[in-house]
2 protein chains.
Amino acid sequence: MEQTIEAYENILEEFRKLIKSSNLKYTKQREFILEAIFYNKGHFTPEDIYNLILKKHPKSNIGIATVYRTLGFLENSNLVTSISFGTQGKKYEFGLGKHHDHLVCLSCGKIFEFHNETIERKQKEIAKEFNFKMTGHFMKITGICSECIEKMEGE
Amino acid sequence: MEQTIEAYENILEEFRKLIKSSNLKYTKQREFILEAIFYNKGHFTPEDIYNLILKKHPKSNIGIATVYRTLGFLENSNLVTSISFGTQGKKYEFGLGKHHDHLVCLSCGKIFEFHNETIERKQKEIAKEFNFKMTGHFMKITGICSECIEKMEGE
DNA sequence: ATCGATGCAAAAGTTTTGCATATAC
DNA sequence: GTATATGCAAAACTTTTGCATCGAT
């Protein structure tokens, strides 16, 4: 699924506003980071993103520290979301649009996405029960995907 | 909530069997790690566990590497479970007994637990839909707890 | 001109690994 | 006695920070 240029322009616009309203400065590095996450569907470590940018903008001379700093900001602003998959580190993905959760295959690492309204509703109820002001939620089902099950049976 | 000695004896028995059936060796270090997680209700980093053991068994001379190695084994065996809270690292908790999920306060870091059957059921349905052999699931609601909300309003 | 943002490199923190020794079986 | 587990220390990673300089406003 390719993202359209128009969609990106809208996001960029939102991003500019967000930066302005946070009294921050608009820099090309920040834009590159947003761009990298937007155009590459999937889940990326800060280092992945850093490398994507180096590849796409070889002379941009961006630093990994900037990637970390910007991801922090983007996450707080809900433009990207992060999760921890597997044993190590954090991965980021573009975070606008309908909320979704993940199925993670422990064998091949593949990630499947789903959305379920019943669960979403229940989560809100639970937060309310605890007098919790919910700002986010996150769900992950781990297991073995059908493809890997077949492979195992084939052995 | 204090755990009873009897309950621990049962776990220990299970642990021994598990080790035997995995063709591993039973060592006092492995027992100390299980003990530390069992008797201290909560969520611990590997380092927390390491320190708990040093404190309880000052002359045991355990190494942090052993803690990491054993936690990996315990997690694979479902005797403990791990989650990533906040920005950094992984925390472990004792993992037998009824499955539960977590509410995490982003302000004070406190963790609340809940269990909801509807969500559990839905998760199973979703795994089935994807032909996924589910081995675990994990849900986290983030937000601000009622105590912190009050504090903020008081300011 | 000002003040925040950046890159770099160092530091801090976390997890894994190699290896000689100790210990369970 | 043999093979695995351990502690230690080093290495490998990941993330954060300090600081001089750059660049957006």
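Proteins get letters first, then strands, A, B, ... in listed order; numbering begins at 1 in each.
Nearest-nucleotide assignment on DNA chain D puts the 5′-proximal partner with A:P46, out of A:P46 and A:I19. DNA chain D is contacted by both B:K25 and B:I62; B:K25 maps to the nucleotide lying nearer its 5′ end (nearest heavy atom per residue). In terms of position along DNA chain C, the nucleotide closest to B:I64 lies nearer the 5' end than the nucleotide closest to the other residue of the pair B:K28 and B:I64.
What separates OH of A:Y50 from P of C:dT6 is a distance of 14 Å, to the nearest Å. Per the geometry, OH belonging to A:Y68 stands 17 Å off P belonging to C:dA9, to the nearest Å. In this structure, A:E47 places its CD atom 19 Å from P of C:dT14, rounding to the nearest Å. For the pair A:F73 CZ and C:dT6 C1', the computed distance is 16 Å after rounding to whole Å. The interatomic distance linking B:N61 (CG) with D:dA5 (P) rounds to 19 Å, in whole Å. Atom NE2 of A:H57 is separated from atom P of C:dG7 by 13 Å (rounded to the nearest Å). Atom-to-atom, CG of B:N23 to C1' of D:dA5 comes out at 14 Å; the value is rounded to the nearest Å. Protein atom CZ of A:R16 is 12 Å distant from nucleotide atom P of D:dA24, rounded to whole Å.
In terms of polar N and O atoms assigned as donor or acceptor, the side chain of A:R69 never comes within less than 3.5 Å of the base of C:dG4 in a complementary pairing.
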* **salt bridge (charged side-chain N to carboxylate O under 4.0 Å, His left out) between A:E31 and A:K28, intermediate numbers included** => CA-CA 5 Å; A:E31 185 178 328; A:K28 68 178 189 335; over 6 Å; no
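For D:dT4, neither phosphate oxygen OP1 nor OP2 lies less than 4.0 angstrom from any side-chain nitrogen or oxygen of B:T27. When the side-chain nitrogen and oxygen atoms of A:Q29 are compared with OP1 and OP2 of C:dG7, one or more of them lie within a distance under 4.0 Å.
Here B:K128 does not pair with B:E125 in a salt bridge; the nearest charged N to carboxylate O distance is not below 4.0 Å.
The side chain of A:A65 approaches C:dA9 more closely than any other nucleotide in the set C:dA5, C:dA9, D:dA5.
Taking the six-membered ring where the residue is Trp, A:Y8 and A:F38 present tilted rings, their angle falling between 30° and 60°.
The shortest side-chain heavy-atom distance between A:N40 and A:D48 does not fall under the 4.5 Å cut-off.
Residue-level contact check: A:Y26 touches the backbone only, with heavy atoms under 4.0 Å from sugar-phosphate atoms and none from bases.
Side chain of B:R30 to main chain of B:K25: a donor-acceptor pair is present (N/O by atom type, distance under 3.5 Å, no hydrogens or angles).
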